[in-house]
Amino acid sequence: MKRYEIKHLLKEDVSALLDTSINIKGWVRTKRGNKNVAFLAVNDGSIIHNMQVVVDLANFDEELLKGITTGACVSVDGKLVKSQGQGQAVELQAENIILYGTADPDTYPLQKKGHSMEFLREIGHLRPRTNTFGAIMRLRHNMAYAIHTFFHEHGFYYFHTPLITASDCEGAGEMFQVTTMDLNNLPRKEDGSIDYEQDFFGKQTSLTVSGQLEGELGATALGKIYTFGPTFRAENSNTPRHLAEFWMIEPEMAFYDLDSLTELEEEFIKYCIRWALDHCMDDLEFLNKMVDNGLIERLKGVIATDFVRLPYTEGINILEAAIKNGKKFEFPVFWGADLASEHERYLVEEHFKRPVIMTDYPKDIKAFYMKQNDDGKTVQGTDVLFPQIGEIIGGSVREESYDKLTARMNELGMDRKGMEWYIDTRRYGTCPHAGFGLGFERLMLFITGMGNIRDVIPFPRTPKTAEF
RNA sequence: UCCUCAAUAGCUCAGUUGGUUAGAGCACCUGACUGUUAAUCAGGGGGUCGUAGGUUCAAGUCCUACUUGGGGAGCCA
């Protein structure tokens, strides 16, 4: 008997299959009925919707049916027919049922009603079987696919940067050390310090916090590259927006300036949102109904509006004017201050009411590699600020001048040792270039309307938590 | 890491100014119903009130510490 995925049966033209016998396989979401007939809602993960299986109790063994409960796995042969009931176009009249696996209802934690996200996190090994997480994971796949498709169509090459790095100058955060040494018996040098020469790589190594520096090496050879891989930050951040292990997308483009950079940022993120609306409407409709009633409207709103381009200095002026008009902020606003969440939210959610790309930040609050403006005060950094989730993209034009870059490194007291390979990009055939970084899970928060980043990745890693 | 709120049945929650034997819905079990849509209806079983200490004649309720989780902040993507 030929097996069909439920997505095919519900979404394709199946008129040729009507009144013929076919097979489906999947997990039972609910069983209901009376003493004559039972209805099984079977889900195989291919789509959020279930196939209704109609079971005439007279034709089946009572013991078999008793074992078919929420969570059980079944294979059903049956005749595909137009549904007599409301709520679905077709249904399967069961002819033969194989019970692959039971799910003892006394211990199976998933029910057909209301679970909290907190509870589902505790049963991370089973939560992919819920409607909500099925929808999120299908969207997650689609976003990954959309990202690769966007870059491929725009002439970018997927460039694989290392996960293990010996660079201690990445500066983007605390790093996880990588070692094969016995932590209970560390080799020491004469002065008592740890002898990393005896470690696997012969030096101290860590998990990467960013692929950007290596990405620049790719861009200065291939023109346009992007990375898309796991990233690790050992920071003790306990918030709904941070993970210790997350996925990051980092495109890097030779010959891009500030205008072409912000244009790409906007086009890229709109492409991803449009992809979700074009390819994932069933899952979005479910999330819109169950998680966030404003989701679809907000997604459509973002792709229909132009993002604001806002130099930092103008942003400060707007915030100072707001304060003059009585707006209260917890943190002070002055030129040179790093903007707090409340300031960003005011600009995006209250003042402009649409996404904002802020540019030209004071150099002292941004990274050493950002291109310095002629004013001597600002650098060409960009943050794309979104409603509700804040910074979704951080990028910049890179400083391509050997003299300016190294002068800035000296100013910041950075150790050039171990960084000479990066500086070589400016020493040999340097070029104007730019790039940005997008936290994949931050994008997922926006796409799904979920409130906690731990719920848009299958197995979240956060301080004190590495289950499953 | 800081601030704040919370933890009661398998799940979601109620539990009054501290006072008798801690409740409801869902789930589960039994039964009813000729096609249900998170089916419905009737009945039943199910609790170390997060952990440890303290106050009190009496603690789910008040106090302290710890653990875990939520929200906010910082760091950031």
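Just the heavy atoms: all of them, side chains too, but no hydrogens, waters or symmetry mates, feed the values below. Labels below follow one simple rule: chain letters A, B, ... track the order of the sequence lines, proteins then strands, and each chain is numbered from 1.
- Applying the 3.5 Å distance criterion, the base of B:G69 shares no donor-acceptor pair with the side chain of A:Glu122.
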Under 3.5 Å, which donor-acceptor pairs do the side chains of residues 94-105 of chain A form with other protein atoms, sequence neighbours left out?
from     : atom 1 : to       : atom 2 : distance (Å)
A:Glu95  : OE1    : A:Ser21  : OG     : 2.8
A:Glu95  : OE2    : A:Ser21  : OG     : 3.2
A:Tyr100 : OH     : A:Lys25  : NZ     : 3.1
A:Asp104 : OD1    : A:Asp106 : N      : 2.9

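- A:Gln93 is linked by a side-chain hydrogen bond (donor to acceptor under 3.5 Å, both in side chains) to nothing, counting only residues two or more places apart in sequence or in another chain.
- One finds no salt bridge joining A:Arg274 and A:Glu267 here, because no Lys/Arg side-chain nitrogen approaches an Asp/Glu carboxylate oxygen to under 4.0 Å.
- The side-chain hydrogen bond (donor to acceptor under 3.5 Å, both in side chains) test applied to A:His49 returns A:Asp282, not counting sequence neighbours.
- A donor-acceptor contact under 3.5 Å links the side chain of A:Gln52 to the base of B:U36.
- Here A:Thr70 does not reach the OP1 or OP2 of B:A27: none of its side-chain N or O atoms lies under 4.0 Å away.
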Exercise. Just the dot-bracket of RNA chain B, please: which string comes out with Watson-Crick or G-U pairs under 3.5 Å, [ ] for crossing, | for another strand?
Worked result: (((((((..((((.....[...)))).(((((.......))))).....(((((..]....))))))))))))....
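- A distance of about 42 Å separates the C1' atoms of B:G74 and B:A24, rounded to the whole Å.
- The C1' atoms of B:U21 and B:U17 are separated by 23 Å, rounded to the nearest whole Å.
- With sequence neighbours excluded, the residues satisfying side-chain contact (heavy atoms from CB on, under 4.5 Å) with A:Pro230 are A:Leu163, A:Phe232, A:Trp247.
- Taking atom C1' in both B:G71 and B:U30, the straight-line distance is 44 Å, to the nearest Å.
- The local environment of CZ in A:Phe119 is crowded, with over 12 non-hydrogen atoms from other residues, nucleotides or ligands closer than 6.0 Å.
- Counting distance only, with no hydrogens placed and no angle test, the side-chain atoms of A:His115 and the base atoms of B:C11 include no donor-acceptor pair under 3.5 Å.
- Within the 4.0 Å cut-off from OP1 or OP2 of B:G71, at least one side-chain nitrogen or oxygen of A:Asn452 is found.
- Distance check on atom P: B:U64 versus B:C3 gives 14 Å, rounded to whole Å.
- When the side-chain contact (heavy atoms from CB on, under 4.5 Å) test is applied to A:Asp13, the partners found at least two apart in sequence or on another chain are A:Ser15.
- If you take atom C1' in B:C28 and the same atom in B:G15, they sit 24 Å apart, rounded to whole Å.
- In this structure, A:Arg121 reaches the B:G70 phosphate: one of its side-chain N or O atoms is under 4.0 Å from OP1 or OP2.
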